[in-house]
Amino acid sequence: MTRNTRALLSLLLLPVLLTGCGAGKEDGTTGAAAGLDTAARTWGVAPELVYVTEVSGFSVFQASVGAYGDGEFVAAYRSAKGSARIGLFADHGTLTAGNCPEQPLGADSLKPVTCKQDGDAWYRTAGEVHEYAVPRDGVVVRLLADTEKVDRAVLREAAEAIHHPDDTELATLLPDSGGTDT
């Protein structure tokens with residue numbers, strides 16, 4: 001199974017991710033880059049893979065944040081009511097018009113994948129799953145969701161807002177930091 005396939009299959013695992021996934025503590029290093037490096041090392045991922053997003057009505061679920069598969073970064077965002085989820089996955093790779101439809105989306109790799117370029121991102125659909133995939137300097141950040149629970153505009157908002165976390169945002173990703181989980 002390829003790294004992208006594992007990441008994409010993770011959409012089905014979002015409920016599991018929302019119940020717990022390893023995340024570590026920051027070691028007190030100051031500065032955004034130092035804090036990011038420390039957190040990434042704790043999670044077992046490369047710092048360039050650590051991304052966050054902001055989307056109205058959604059917050060990160062701390063217990064979901066960390067490594068997945070072969071060093072990919074994952075974070076799950078859930079709606080205030082808890083029924084809608086967006087999975088953020090980042091791994092090394094590229095996405096082009098040539099390889100976009102060949103990369104599986106969701107659990108059923110037999111479903112055809114449609115790809116439409118939307119600015120710097122790709123909007124991809126297959127069955128009841130859709131994603132925005134944003135290529136950035138050798139990294140592809142994917143935002144996956146169920147088409148019936150998260151509409152395209154919300155997913156696009158999340159894709160437009162991806163960025164590396166600053167110290168404050170990084171603190172919300174780490175357990176026991178007073179983040180958004182209850």
- Message: I'd like to check Leu105 versus Glu131 (side-chain heavy atoms, cut-off strictly below 4.5 Å). Are they in contact?
- Response: yes
- Task: Looking only at non-hydrogen atoms, find the nearest pair between Gly98 and Pro101 and report the distance.
- Result: O-CD, 4.2 Å
- Query: Considering all heavy atoms of both residues, which atom of Ala76 and which atom of Ser64 are nearest to each other, and what is their separation?
  - Reply: N-OG, 2.7 Å
- Query: Does a side-chain heavy-atom distance below 4.5 Å link Gln62 with Leu173?
  - Reply: no
- Message: So which atom in Tyr51 and which in Ala90 form the shortest heavy-atom distance, rounded to 0.1 Å?
- Response: CD1-CB, 4.4 Å
- Query: Looking only at atom types and distance, does a side-chain atom of His164 sit under 3.5 Å from a main-chain N or O of Val50, one as donor and one as acceptor?
  - Reply: yes
- Query: Tell me, do Phe89 and Val140 make a side-chain contact under 4.5 Å, heavy atoms counted?
  - Reply: no
- Evaluate side chain to side chain contact (heavy atoms under 4.5 Å, CB included) for Phe73 paired with Leu88, printing each intermediate quantity in order. CA-CA 8 Å; Phe73 178 74; Leu88 182 150; 4.0 Å; yes
- Any chance you could lay out the side chain to side chain contact (heavy atoms under 4.5 Å, CB included) test for Val74 and Val45, step after step, and finish with the verdict? CA-CA 10 Å; Val74 63; Val45 300; over 6 Å; no
- Atom pair CG/CZ of Asp118 and Arg156 - distance to nearest 0.5 Å: 4.0 Å
- Message: Would you call the rings of His130 and Tyr123 parallel, tilted or perpendicular, taking 30° and 60° as the class edges?
- Response: perpendicular
- The complete set of disulfide bond (SG atoms under 2.5 Å apart) pairs with one or both residues in residues 115-153, sequence neighbours excluded, reads Cys100-Cys115
- Query: Do side-chain atoms of Glu128 reach the backbone of Thr147 as a donor and acceptor pair under 3.5 angstrom?
  - Reply: no
- Least distance between heavy atoms, Val150 atom then Ala84 atom: CG2-CB, 3.9 Å
- Side chain proximity check, Leu143 to Val55, heavy atoms < 4.5 angstrom: no
- Item | Test item: Val60 and Val52 side chains (from C-beta on) under 4.5 Å apart, heavy atoms | no
- Task: Using the test side-chain hydrogen bond (donor to acceptor under 3.5 Å, both in side chains), find all partners of Asp151 that sit at least two apart in sequence or belong to another chain.
- Result: none
- Identify the heavy atoms of Leu95 and Arg124 that sit nearest to each other, and give their distance. CD2-CD, 4.1 Å
- Task: Side-chain contact test, heavy atoms from C-beta onward, threshold under 4.5 Å: evaluate it for Arg142 versus Tyr132 and give yes or no.
- Result: no
- Check whether any side-chain N or O of Tyr77 sits under 3.5 Å from a backbone N or O of Ala158 as a donor-acceptor pair, and report yes or no. no
- Query: Do side-chain atoms of Glu157 reach the backbone of Ser56 as a donor and acceptor pair under 3.5 angstrom?
  - Reply: yes
- Query: Thr42 and Leu174: side chain to side chain contact (heavy atoms under 4.5 Å, CB included), yes or no, with the steps?
  - Reply: CA-CA 10 Å; Thr42 300; Leu174 298 166; over 6 Å; no
- Out of curiosity, Arg136 CZ to Glu48 CD, how far, rounded to the nearest 0.5 Å? 14.0 Å
- Shortest non-hydrogen contact from Ala121 toward Pro135: CA-CD, 4.5 Å
